[in-house]
There are 2 protein chains.
Amino acid sequence: MEAAPHDETIRAGGLELRRSDGLVLAGGQVVQTSVRELRLLVALVDRWGRIVSREELYRLAWGGTLRAGDRSVDVYVHKLRAKLEQALPDTAFIHTHPGFGYRFDPVSQGLNRSATAR
Amino acid sequence: MEAAPHDETIRAGGLELRRSDGLVLAGGQVVQTSVRELRLLVALVDRWGRIVSREELYRLAWGGTLRAGDRSVDVYVHKLRAKLEQALPDTAFIHTHPGFGYRFDPVSQGLNRSATAR
DNA sequence: CGACTCGTGAACGAGTCGTGAACGCGTGGG
DNA sequence: CCCACGCGTTCACGACTCGTTCACGAGTCG
């Protein structure tokens, strides 16, 4: 029944991601995510610290090829950011790398951390 | 980390569930449940805090495979919510996760600003 | 400036979920 | 034998959610 070969639970800067349940916790509270949102988040978290192109993110979360002009990834990154920031306002999780893609790396505001963004 | 494998009596946020009797108490008063309702409730409580798919709930409470288009689980979740809400109006027990399933987690209204929000 | 990338809110169609009601079945009492 | 009753299923309709797409503005770079 439970098929979870990977790490069942991922923890990152106040974020908790239970793969088997499809449950996301941030700061102790439940973050409601849709199926797409969760798959995108998992795709990003699995490549923690690395820049992931939109093409790859689309392939992982949607399962096809990203067509030219498709902004779906952008829109869903926005949705994820909104939900995560609502739960943990002082932490930035997803960073934009213009021309390359997105990168997942929790950075708490006010603390010294590698802020590679922009 | 595992919460109560098969305890006799389960207590959760004003709810009391005795397995052997099949007795459900909420806020001190008895909640009359049918066999199906109780089995569904037990299935949810046993996976407290986790999202449980309709397929699994059907398998646990009914004992077969959920056919496409079968709304039985939805209807019985509704019945359970109605009965629990009548006993404890300020507590939400069963939360919906669209696309995933249902999750049992008692949340008292007004005292808790977290959990199921959108 | 002009072209491009990205953020963000809104609108829309499709699908999912909540909910009341009708129906059928078995049970037990008159 | 008939009827009332509780239980479980199914249906119908409304409300809500999801994913896509568009539109516009901000920011960036040569």
Side-chain angles (χ1 to χ4, degrees), chain A residues 22 24 30-44 51-86 89 92-104 116-118, chain B residues 22 24 30-44 51-86 89 92-104 116-118:
Chain A
V24 178
V30 175
V31 177
Q32 288 257 20
T33 62
S34 71
V35 179
R36 287 261 186 276
E37 288 168 356
L38 182 68
R39 292 185 63 169
L40 177 60
L41 182 58
V42 167
L44 279 166
I51 300 176
V52 193
S53 68
R54 285 178 175 72
E55 287 75 16
E56 190 170 359
L57 287 174
Y58 192 89
R59 197 167 46 76
L60 292 164
W62 274 259
T65 307
L66 181 66
R67 293 162 303 145
D70 194 332
R71 302 287 309 279
S72 298
V73 176
D74 299 65
V75 173
Y76 270 79
V77 165
H78 174 54
K79 290 182 179 180
L80 277 179
R81 287 211 258 234
K83 291 186 176 181
L84 293 177
E85 276 168 10
Q86 187 185 357
F93 291 94
I94 305 173
H95 309 277
T96 307
H97 290 255
F100 295 95
Y102 295 101
R103 178 177 54 91
F104 180 85
T116 327
R118 305 208 150 229
Chain B
V24 179
V30 177
V31 177
Q32 290 268 14
T33 62
S34 70
V35 179
R36 286 265 187 274
E37 287 169 356
L38 183 67
R39 292 184 63 170
L40 177 60
L41 181 57
V42 168
L44 279 166
I51 300 176
V52 193
S53 69
R54 285 178 174 73
E55 287 75 15
E56 190 170 358
L57 288 174
Y58 192 89
R59 201 163 43 75
L60 292 165
W62 275 259
T65 308
L66 181 65
R67 293 162 303 145
D70 194 332
R71 302 287 309 278
S72 298
V73 175
D74 299 65
V75 173
Y76 270 78
V77 165
H78 174 54
K79 291 181 178 181
L80 278 179
R81 286 211 259 232
K83 292 186 176 181
L84 293 176
E85 206 169 29
Q86 188 185 356
F93 291 94
I94 305 174
H95 309 277
T96 307
H97 287 252
F100 293 96
Y102 294 101
R103 177 177 55 92
F104 180 86
T116 320
R118 187 168 209 278

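Everything numeric in this text was worked out from a predicted model, so none of it was measured. Lettering of chains follows the sequences in order, A, B, ..., and the numbering in each one begins at 1. All heavy atoms count here, side chains included; hydrogens, waters and symmetry mates do not.
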OP1 or OP2 of [N] under 4.0 Å from side-chain N/O of [X]:
X      : N      : value
B/W62  : D/dG8  : no
A/S34  : D/dG19 : yes
A/R39  : D/dC18 : no
B/Y102 : C/dG18 : yes
B/T96  : C/dG18 : yes

Whole angstroms only, please: what is the [atom1]-[atom2] distance between [X] and [N]?
X      : N      : atom1 : atom2 : answer
A/L40  : D/dG19 : CG    : P     : 11 Å
B/L80  : C/dT19 : CG    : P     : 13 Å
B/L57  : D/dG8  : CG    : P     : 16 Å
A/F100 : C/dC4  : CZ    : P     : 18 Å
B/I51  : C/dC17 : CD1   : P     : 12 Å
B/I94  : C/dC17 : CD1   : C1'   : 14 Å
B/R36  : D/dG6  : CZ    : C1'   : 14 Å

A side-chain contact here means heavy atoms from C-beta on lying under 4.5 Å apart; do [X] and [Y] qualify?
X      : Y      : value
B/Y102 : B/R54  : yes
A/V30  : B/R103 : yes
B/V73  : B/W62  : yes
A/E37  : A/L41  : no
A/V35  : B/F100 : yes

Checklist entry - Hey, does the side chain of A/Q32 reach the backbone of B/T96 with a donor-acceptor pair shorter than 3.5 angstrom? => result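 Yes, because the side chain of A/Q32 sits within donor-acceptor range (under 3.5 Å) of the backbone of B/T96.
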Item to check | DNA chain D: stems of at least 3 consecutive Watson-Crick or G-U pairs whose donor-acceptor distances fall under 3.5 Å | outcome: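 Only these stems qualify: C:1-30 with D:1-30.
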Checklist entry - For A/E55, what residues pass the side chain to side chain contact (heavy atoms under 4.5 Å, CB included) criterion, not counting sequence neighbours? => result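 Listed in chain order: A/S53, A/L66.
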Checklist entry - For residues 69-79 of chain B, which residues have at least one heavy atom under 4.0 Å from DNA chain C? => result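 Output list: B/R71, B/D74, B/H78.
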